[in-house]
Each structure stands twice: as C-alpha cells, then as structure tokens.
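In what follows, a single structure is set out as structure tokens and then discussed.
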Amino acid sequence: MSDSVHYERAREHLEALGLNAALSELDGVLDSAAREERAPAWVLDQLLTSERASRFERRVNANLKLSGIPNRKTLDEFDYDAQPGVPKRVVDELATLRFVRDGHNVLILGPTGVGKTHLAIGLALKAIEHGHRTYFLTLHDLVNKVRLAREKNRLHVLHATLQRADVWLLDELGFQPLDRQDATFLFEAVNKRYAAGKSTIITSNKSYGQWHEIFPDPVLAVALLDRLLHHSTVLNIRGDSYRQRHRKSAGLPSLQGAKPEPEELRGANM
Ligand code: ADP
Ligand code: MG
C-alpha cells in the first residue's frame, strides 16, 4: 500500500473512532515529524496527547456547566490584604486539592460579606479545572430540591446526584432553619459522603455553637458536625464585610441599617 493510502486510512480511523482532536492535528504533526526527523512513536505521542487534552477540556467545560456555580469567582481574585482573617497559606494548601483526594471537608464560617462564597467557589473551580465533578447548591436550593424530590418520591435520585459529585459545595447553611425532614436529608447526604470519603465544602454564617438554632434537633446538629469535622479544614473568618469596607474607604456612607442582611449578624462574630 502506498503512503497516501495509509494516510487516508489513518484519517478514516481517527474519524470513525471520534478522535477529532488527533484528526485535526494529524497533518501538522506529520509535517513536523518529517521536517524534524521524528520517530513514529513521537507522532503517536503528539496525537494522543492532543486528544487527551481536548477530552479533558471538554470534560472540564461539561463539569463547569453542570456544577451550578453561579459566578466564576477565582482564588486569584481574592484580596488577602483586604481580609486578614483569611490565612493565605491555608487557602494555598486547599488549592492543591489534597483535601479532595483525601476526602476531607472544608468549613468556611463567618459573617456576611467576608468572602465565604467567593473562597468556596474559588476552590470548587480549582477542583473542576482538575477534572473533579463538582456540584454547587445553596441551602435554599437544596431545601427546594428536597421538597420536589419528596413529592415525586425521588429522594433516592437526589441522594445519588449528591453522591456522584467529587466535591459538593453547600452554600449558606444557617440562612434558614431546617425542618426535621430537610435536616434529616442533609444529615444523610453528608453521612453518605463521609462514609464514601468524599469532600464537602460548607459555608455558614453561624458558628458551631449556633448550629442547634438551624436544626430542629440538637442531636442531628451534633451528629452532622461530628461527620463534617472528623477530617476537615475550618476557615473561621472574623472580619468586616468586603463591600462595606470598600464603601468606607471610598468615603461612601455605610449601608448597614439601610438594608438589613438576610440575617442579623453583628452579634454572630466567631
Ligand atoms: P459571603 O459569602 O461571606 O457573604 P461573598 O463571598 O459573597 O461573601 O463576598 C461578597 C462580595 O465581596 C463578592 O462579590 C466577593 O467576590 C467580594 N469579596 C469578598 N471578600 C473579598 C476579598 N477578600 N477579595 C476580593 N473580593 C472579595
Ligand atoms: Mg455567601
């Protein structure tokens, strides 16, 4: 068979196998191989490397779309000078994603506006970039989903969705009290992830001592904390709201009092 027949057949194979990135690189790689007198193994390596890179990128994009992350706040955008309550070295360590590999949890606690959601999303985006399936829900979304799932007798499906994620981010625990059914569902979800060694990131405006206010039964609050804290990193942010501070430094009047935050937090400093 002539070279051109092999070439045509190779194109056909790549296409039939859906190796589209390799197919689009084929001509360039073959040219380089001829010009630079590369070995056949180099050609294979180049083509498969680009195919894997492209598949990885596709997976990351799909994960990002499915994650439910509402906005792309990155860790790079976090201003540590503005929030001395956040130790950069701890966030840097979390950003290595060792906690995901080890199935450890992250709890980010503190009053409104100190950057809890920003940091949690920053970590979640890092996890997605590295190919981990990540799922973001606010507690409010979770409660709605639990209600719908219960009505349709599909709680097991919701549990399965939550268990599939390598990283589950539950935002805003504490903004609303939970009834017994919701609290039990949350406990079960966290407990299953704990048993499976999967990471959960939780942000809350309540300190541990106040968790019994969110839960209908203090025993559930203690049991949940027990699972969450067993292997965990806790960021306890005591600071001012980032936006408030910016208003202050820009000489603008404070918004405090004008429009109360969802929860009155001034007494909640931890
Ligand atoms: P929280 O979840 O603690 O209520 P957010 O993470 O929603 O606070 O932060 C409120 C806003 O302020 C967001 O737009 C966030 O990006 C920004 N922000 C908070 N802290 C910082 C910071 N240290 N550096 C940069 N932006 C910040
Ligand atoms: Mg938040």
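Whatever order the structure lists them in is the order used to number ligands and atoms, beginning at 1. Keep in mind that the numbers below use all heavy atoms, side chains included, and drop hydrogens, waters and symmetry copies.
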Count, waters excluded, of protein N, O or S atoms under 2.8 Å from the Mg ion (ligand 2):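 Considering protein N, O and S only, the Mg ion (ligand 2) has 1 within range.
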Determine the sole option in [options] for which the side chain to side chain contact (heavy atoms under 4.5 Å, CB included) test with [X] is passed.
| X | options | value |
| --- | --- | --- |
| Y135 | N63, L162, L66 | L162 |
| L107 | N236, L229, T200 | L229 |
| R193 | H159, E188, K198 | K198 |

V222 reachable from L178 in the ILVMFWY side-chain graph, under 4.5 Å edges: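 L178 does not cluster with V222.
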Chi angles and distances behind the salt bridge (Lys or Arg N to Asp or Glu O under 4.0 Å) call for K88, D92: CA-CA 6 Å; K88 182 169 185 305; D92 285 347; 2.8 Å; yes
Test item: H132 and L97 side chains (from C-beta on) under 4.5 Å apart, heavy atoms: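 Yes, their side chains come closer than 4.5 Å.
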Amino acids contacting ligand 1, non-hydrogen cut-off under 4.0 Å: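 K73, E77, F78, D79, Q83, P111, T112, G113, V114, G115, K116, T117, H118, Y242, R243.
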I202/N105 under side chain to side chain contact (heavy atoms under 4.5 Å, CB included): CA gap, chis, key distance, verdict: CA-CA 8 Å; I202 290 189; N105 300 319; over 6 Å; no
Side-chain donor-acceptor contact under 3.5 Å, H140 with Q176: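 Yes - a donor-acceptor pair under 3.5 Å links their side chains.
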For L173 against N205, the heavy-atom pair lying closest together: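 Nearest pair, atom of L173 first, then N205: O-OD1, 3.4 Å.
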